[in-house]
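Some notes on the structure that comes next.
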Amino acid sequence: YINHLITPSLSVKLGQYKTPYSTDNLVSSTKIAFIKCPLIKENVSPNIRDRGIQATYKRSYFDIIAAVMNGAGQNKAETNYNKSLALRVVGRIIPQLQVSGNYYTGKNNPADKKKDVFINFGARGKAGGWEYAAEIAQQEHAALTEHSFYVFAAYDWKTTTEYVNMITPAFRIEGYDPDT
């Protein structure tokens, strides 16, 4: 993708990029606390990457991200003429915590041509050796509604040994309801 800074607060991105939805979706898989992504990312999120155009407006305490994408997913050509829309608002009230609200809609399945609507609220932060996050998400597809959530906390405990520099105890609670 190409990212162009228009003003210090406004940038535009064009190409294939991570869909601006969910906090966990935007975290690199090399930086997550667990070996496997939460169920929320696998089941109640739109395509991880997609082609399109995105505008980001950043201020001291918040970011607003809006994107229009083709909805077909990573490395796939357009499958319909209906574009997907994403809106993400991130608030950074204190440095150790960011909260977000996310919305995504589009006709992503060419077989049934029904619109998907995703809604997500999340929080993520770091303080000292602690890392923590929580998210709740919902996907509507025709008459089906899916829900998912997760909560996790991890602590980087530095040791004094040469061979094991750090131990990270962590826990995650998550759930997924495929059709309520």
Could you grab the distance from atom CD1 of I40 to atom CD of E135, nearest 0.5 Å is fine?
5.0 Å

Between L97 and Y61, is there a shared hydrophobic cluster once you connect ILVMFWY residues whose side-chain heavy atoms come closer than 4.5 Å?
no

Would you give the length of the straight line joining atom NZ of K158 to atom OG1 of T168, rounded to the nearest 0.5 angstrom?
10.0 Å

Joint cluster assignment, L39 & F149, ILVMFWY side-chain distance < 4.5 Å:
no

Before accepting this row, confirm whether a basic side-chain N of the pair E140/K115 lies closer than 4.0 Å to the acidic partner's carboxylate O.
no

Please tell me whether V27 and I173 are part of a single hydrophobic cluster in this structure, the criterion being side-chain heavy atoms less than 4.5 Å apart.
no

Evaluate side-chain contact (heavy atoms from CB on, under 4.5 Å) for L87 paired with I64, printing each intermediate quantity in order.
CA-CA 7 Å; L87 179 62; I64 299 173; 4.2 Å; yes

Are there more than 12 heavy atoms of other residues, nucleotides or ligands under 6.0 Å from atom CD1 of I94?
yes

If you measure from CD on E174 to CG on N43, what distance do you get to the nearest 0.5 Å?
9.5 Å

Checking ring-ring contact (aromatic ring centres under 6.0 Å, His included) against W130, which of Y155, F152, W157 comes through?
Y155

Check the orientation of F62 and Y57. Use parallel for under 30°, tilted for 30 to 60°, and perpendicular for over 60°.
tilted

Atom of Y21, atom of Q138 and distance for their closest heavy-atom approach:
OH-O, 4.3 Å

Does CZ belonging to F34 count more than 12 external heavy atoms closer than 6.0 Å?
yes

R59 versus S9, closest heavy-atom pair with distance
NH1-OG, 3.6 Å

d(I136 CD1, S148 OG) to nearest 0.5 Å is 8.5 Å

Quick check: closest heavy atoms across M69 and P20, and the distance to 0.1 Å?
SD-CD, 4.2 Å

Under 30°, 30 to 60°, or over 60°: which ring-plane class applies to Y1 and Y17, parallel, tilted or perpendicular?
perpendicular

Are any non-hydrogen side-chain atoms of K36 and E42 less than 4.5 angstrom apart?
yes

Taking all atoms of both residues into account, what is the closest heavy-atom pair of Q96 and A127, and its distance?
CG-CB, 3.9 Å

As an exercise, state the distance from OH of Y132 to NZ of K126, rounded to the nearest 0.5 Å.
10.5 Å

Okay, side chain of S84, backbone of N70: is any donor-acceptor separation there less than 3.5 Å?
no

So, are R92 and D63 salt-bridged, with charged N and O less than 4.0 Å apart?
yes

Side chain T105, main chain D116, donor-acceptor under 3.5 Å
yes

Using side chain to side chain contact (heavy atoms under 4.5 Å, CB included) as the criterion, point out the one residue from V12, I65, T19, L14 that pairs with Q54.
I65

Can you find a side-chain donor-acceptor pair between S22 and S45 that sits under 3.5 Å?
no

Looking at T161 and V164, what are the two nearest heavy atoms and their distance?
OG1-O, 2.7 Å

Interatomic distance, CG@N25 vs OH@Y104, rounded to 0.5 Å, equals 10.5 Å

